[in-house]
Amino acid sequence: MNRRFGQYLVLLAAAACLLAPPASAQNPASSPSFEPKLKALPKGGPAPRNKEGHPDLSGVWFPGTTGGFDVSEPAAQRQFDPKVTPEERPSFQPWAAEKIKGMTEVDLELKRASVNCEPRGVPGMFTINPYPLKFVQTATELIQLNELNNNWRVIPIDGRKHDPDPDPTFNGDSVGRWEGDTLVIETIAIDERTWNDFVGWFHSDQERVIERISRPSENYLIYQVTIEDPKVLTKPWTSATRQWTLSHDKLDEYYCTNNREPEQYQLLKEQQERQGK
């Protein structure tokens, strides 16, 4: 079995346990079949630069600090430590907060991108993505290839403007520009089927996402996002800074196919509604 695929199965099993943990649940990280802990990568030398003088973001990047998966140490896979860099909760308008509060666990599952085999969108392809991604940077474009569902986007970074009338898409209409050594990506026209987290943070057609990506050293990528949504939020929300680390691995093929979860959750929802009457 492919080594990383085996680790994916463990991650999926752990996620399933969060939904319905049995009383006798054991810690999967205690299994002797897991590989030894991966160590945090050193910063490495300075970030490589292209001929235009900008940092070159190219490479395969894993969330966390190890440049790979380490199921024996979940903290190493976190993009940020909430104790070190606390992340403020989104400031929802009262009607939006009430709508989210009214969602049942089954409602939440029925809308999850992972349950529906749908792209996680922007910024979800970073912020709610435990799988690696690859950047290919040219003088005029940043190409992002996500292992998760083999999703991708092409971001112009030559200073051009947004499409004047973009159709909504899962990854939206993105344009990038450099502010010093930080690439700033602005995305609009994001399909409203995407959520910004796994627990009900829906958005409107007016959402605007501003991502900031930098490479302060050879082995580390820093990501931060600001979300503006005047129809849903009372004020813009800015994430904690998140770390990704360089890997010399390659992306695996990963497609979500033949998924029966939506049908199962819909049956469960209908059962709950009948019991509630």
Side-chain angles (χ1 to χ4, degrees), residues 4-5 7-9 11-12 14-16 18-19 57 60-64 69 77-80 87 89-90 100 103 105 107-135 142-155 166-174 176 185-205 207-213 221 223-229 232-233 237-244 251-259 261-262 265:
R4 197 150 82 226
F5 182 69
Q7 292 173 326
Y8 291 162
L9 293 180
L11 291 173
L12 291 173
L18 289 177
L19 294 176
L57 306 179
V60 173
W61 301 93
F62 276 77
F69 282 118
Q77 312 308 135
R78 294 187 305 189
Q79 296 184 33
F80 71 101
E87 190 168 77
R89 288 289 302 156
I100 295 170
M103 295 180 186
E105 290 185 10
D107 290 333
L108 294 173
E109 291 301 314
L110 279 169
K111 290 290 188 178
R112 281 169 64 105
S114 54
V115 168
N116 292 285
C117 290
E118 293 179 342
R120 302 194 181 185
V122 176
M125 61 194 313
F126 257 101
T127 55
I128 50 177
N129 175 21
Y131 303 95
L133 60 85
K134 182 174 184 176
F135 278 145
L142 180 69
I143 301 165
Q144 180 174 348
L145 308 171
N146 276 39
E147 183 172 289
L148 178 61
N149 279 326
N150 287 41
N151 194 19
W152 56 272
R153 62 175 172 163
V154 178
I155 306 159
D167 291 325
T169 58
F170 282 107
N171 294 336
D173 182 71
S174 297
I185 302 168
E186 180 180 296
T187 303
I188 60 173
I190 304 169
D191 193 301
E192 292 179 65
R193 284 174 289 180
T194 65
W195 280 2
N196 293 321
D197 61 16
F198 281 145
V199 287
W201 183 357
F202 66 94
H203 66 85
S204 77
D205 60 348
E207 180 176 64
R208 177 172 171 263
V209 174
I210 303 98
E211 301 166 280
R212 291 176 171 82
I213 307 174
L221 197 74
Y223 178 89
Q224 189 171 39
V225 62
T226 296
I227 296 175
E228 301 174 358
D229 193 343
V232 174
L233 301 176
W237 175 85
T238 298
S239 73
T241 54
R242 295 162 183 256
Q243 295 186 103
W244 290 64
L251 299 185
D252 285 341
E253 184 178 272
Y254 175 10
Y255 287 102
C256 179
T257 59
N258 195 30
N259 182 27
E261 284 186 275
Y265 278 116

Study note, to complete from the structure: Taken in chain and number order and not counting sequence neighbours, the residues that satisfy side chain to side chain donor-acceptor pair (under 3.5 Å) with D173 are H162
Review point. Less than 4.5 Å apart, any side-chain heavy atom of Q77 and any of F69?
Key: yes
Check your understanding: Looking at side-chain heavy atoms only, is the closest gap between R89 and W201 below 4.5 Å?
Key -> no
Review point. Taking it one step at a time, do F198 and R120 satisfy side-chain contact (heavy atoms from CB on, under 4.5 Å)?
Key: CA-CA 10 Å; F198 281 145; R120 302 194 181 185; 3.2 Å; yes
Review point. Side-chain contact, heavy-atom cut-off 4.5 Å: N150 with E253?
Key: yes
Exercise for review: Starting at CG of L148, measure out to CG of N129 and round the result to the nearest 0.5 Å.
Suggested key: 5.0 Å
Review point. Just how far is it from atom OG1 of T169 to atom CD1 of I188, taken to the nearest 0.5 Å?
Key: 10.0 Å
Point to revise | Audit row: T187, N171, side-chain contact (heavy atoms from CB on, under 4.5 Å) steps and yes/no | key: CA-CA 8 Å; T187 303; N171 294 336; over 6 Å; no
Practice item. State which residues pass salt bridge (charged side-chain N to carboxylate O under 4.0 Å, His left out) with E87; sequence neighbours excluded, sorted by chain then number. Key: R242
Exercise for review: Compare all side-chain heavy atoms of W244 with those of I213 and state whether any distance is below 4.5 angstrom.
Suggested key: no
Point to revise | Heavy-atom side-chain contact between L133 and M125 under 4.5 Å | key: no
Check your understanding: Is N196 close to T127 at the side-chain level, that is, under 4.5 Å between some pair of heavy atoms?
Key -> no
**Study point:** P63 versus Q79, closest heavy-atom pair with distance
**Key:** CB-CG, 3.8 Å
Point to revise | Sequence-distant partners of N146, side chain to side chain donor-acceptor pair (under 3.5 Å), two or more places apart | key: Q144
Practice item. May I ask you to test the P123-I227 pair for a side-chain heavy-atom distance under 4.5 Å? Key: yes
Check your understanding: Do you know which two heavy atoms are closest between S204 and D229, and how far apart they sit?
Key -> OG-OD1, 2.5 Å
Check your understanding: Please walk me through it: do F170 and R193 pass side-chain contact (heavy atoms from CB on, under 4.5 Å)?
Key -> CA-CA 8 Å; F170 282 107; R193 284 174 289 180; 3.6 Å; yes
Review point. CZ/R212 to OG1/T238 distance, rounded to the nearest 0.5 angstrom?
Key: 7.5 Å
**Study point:** L108 side, atom CG; W195 side, atom CH2 - distance, nearest 0.5 Å
**Key:** 5.0 Å
Point to revise | Under the side chain to side chain donor-acceptor pair (under 3.5 Å) test, residues paired with T241 that sit two or more places apart | key: none
Review point. Can you list the residues that meet the side chain to side chain donor-acceptor pair (under 3.5 Å) rule with D197, with sequence neighbours excluded?
Key: none
Review point. With sequence neighbours left out, what residues match E186 under salt bridge (charged side-chain N to carboxylate O under 4.0 Å, His left out)?
Key: R208
Review point. Taking the side chain as C-beta and beyond, is there a heavy-atom pair between L233 and E207 under 4.5 Å?
Key: no
**Study point:** N151 side, atom CG; C256 side, atom SG - distance, nearest 0.5 Å
**Key:** 12.0 Å
